[in-house]
There are 2 protein chains.
Amino acid sequence: MKYNTVLLNQYWTDIYFHLRYNHHDKISHQAVRILQLIEKRDSIGVGEVAENLEVSHNTASEHIKRLIEKGWVLKERSSHDERKVHLRLTKEGEKVLHRNSSLDEVKLKQILESLPIEDAENIFQSLQLLSECARR
Amino acid sequence: MKYNTVLLNQYWTDIYFHLRYNHHDKISHQAVRILQLIEKRDSIGVGEVAENLEVSHNTASEHIKRLIEKGWVLKERSSHDERKVHLRLTKEGEKVLHRNSSLDEVKLKQILESLPIEDAENIFQSLQLLSECARR
DNA sequence: AGATTATATCTTATAGTACGATATAAATTC
DNA sequence: GAATTTATATCGTACTATAAGATATAATCT
């Protein structure tokens, strides 16, 4: 069977375009990427951020400094190896990331509640399955 | 019935985090937003871009100038009203936007082909339905 | 003690973001 | 047809983001 990934992507981008948050955060491209990385990874340091964004370690260090100044990220030194840093999001950082990458929960709920239960459950199960495959 | 939109968003962001493109485009936050807006709207001018991004018209005009310089956007004057501008994406602009908002079609295809046909079809139909609801 | 690793800071350079003021040119109103 | 409105463009200015090389520091490993 041939799958129409082009059409699937059209659905995907339409959903995000129409259901995303209308926020007023002043946030840069790299800032969102770093926040995402920190949230999705169990434990991550400055070097791994640099590697992932494909920028130099000093650039990554500067980015993180700015995110800490904004109150979105916390830095902790590893107890085993005091050179290493563990990054994690603050509550505010989680909120900012949510507004910049998730679907608006009010809009989402309205749609789900307007659908027949089996359709809503299908959406839920489909995304669950796809996310599990995506994580390998 | 209560829907767990928080969990659904976790699936959503996991999917995008793991299946997005690893691109090397140097692109800013606002540039992606404007490209998306131009692609999703039938016809859009400078003023509407400004309104949508909630920036002043001169700022929007500057953004668009830069996108034109990069070869991602084309500007055409309306034939009915020569003051108005119609913006549209170039082929290259479409590609850049795709790499910055869509799911990697190779990764997506691999996953869909690894699933039972009814699961893949369910994913397809679920996203189709959700996108239709999102567009109203 | 010396090498390596992980991160931070300083300097410099370029691009992105934003807006007020002003300009232009087409369309509309009086 | 002169005055006004509308849509967009440009100029000047200011501040932030992005990036990397050079250098520094401090912990850990050999």
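We name chains A, B, ... by the order of the sequence lines, and we start the count at 1 in each one. These figures come from a predicted structure and were not determined experimentally. Values reported hereafter were calculated over all heavy atoms of this structure, with side chains retained and with hydrogens, waters and symmetry mates removed.
- Per the geometry, NE2 belonging to B/His29 stands 9 Å off P belonging to C/dT17, to the nearest Å.
- One interatomic measurement links the two molecules: NE2 of A/His80 to C1' of D/dA26, which rounds to 19 Å at whole-angstrom precision.
- For the pair A/His24 NE2 and C/dT17 C1', the computed distance is 17 Å after rounding to whole Å.
- Taking atom CD of B/Glu76 as the reference point, atom P of C/dA26 lies 18 Å away to the nearest angstrom.
- Taking only side-chain nitrogens and oxygens, A/His63 comes nearer than 4.0 Å to OP1 or OP2 of D/dT18.
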Only distances under 3.5 Å count here; give the side-chain donor-acceptor pairs of residues 58-67 of chain B to other protein atoms, sequence neighbours excluded, each with its distance to 0.1 Å.
{"from": "B/Asn58", "atom 1": "OD1", "to": "B/Ser56", "atom 2": "OG", "distance (Å)": "2.2"}
{"from": "B/Thr59", "atom 1": "OG1", "to": "B/Ser56", "atom 2": "OG", "distance (Å)": "3.0"}

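- Between the CD atom of A/Gln30 and the C1' atom of C/dT14 there is a distance of 15 Å, given to the nearest Å.
- Side-chain atoms of A/Asp119 do not come within 3.5 Å of backbone N or O of A/Leu115 as any donor-acceptor pair.
- In this entry the distance linking NZ of A/Lys26 with C1' of C/dC19 reads 10 Å, nearest Å.
- Between B/Arg41 and B/Gln36, the side chains place no donor N or O within less than 3.5 Å of an acceptor N or O (distance only, hydrogens not considered).
- Nearest-nucleotide assignment on DNA chain D puts the 5′-proximal partner with A/Val55, out of A/Ser79 and A/Val55.
- Under 4.0 angstrom from either OP1 or OP2 of C/dT17 there lies at least one side-chain N or O belonging to B/Ser28.
- Scored by the side chain to side chain contact (heavy atoms under 4.5 Å, CB included) test, B/Gln10 finds B/Leu7, B/Asp14 as partners (sequence neighbours excluded).
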5' to 3', nucleotides 4-13 of chain C under a 4.0 Å protein heavy-atom cut-off (B base, S sugar-phosphate only, - none) gives -BSBBBBB--

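- Looking only at atom types and distance, the side chain of B/Lys95 has no donor-acceptor partner in the side chain of B/Thr90 under 3.5 Å away.
- When the P atom of C/dG16 is taken as reference, atom CZ of B/Arg33 falls 17 Å away, rounded to whole Å.
- A/Ser56 comes within 4.0 angstrom of a nucleotide base, judged by non-hydrogen atoms across all strands.
- Here the side chains of B/Trp12 and A/Trp12 are in contact, with some heavy-atom distance below 4.5 Å.
- With rounding to the nearest 0.5 angstrom, the CZ atom of B/Arg136 is 6.5 Å from the NE2 atom of A/His18.
- Summarising the geometry, the separation between CG on A/Leu67 and P on D/dT16 is reported as 15 Å, rounded to the nearest angstrom.
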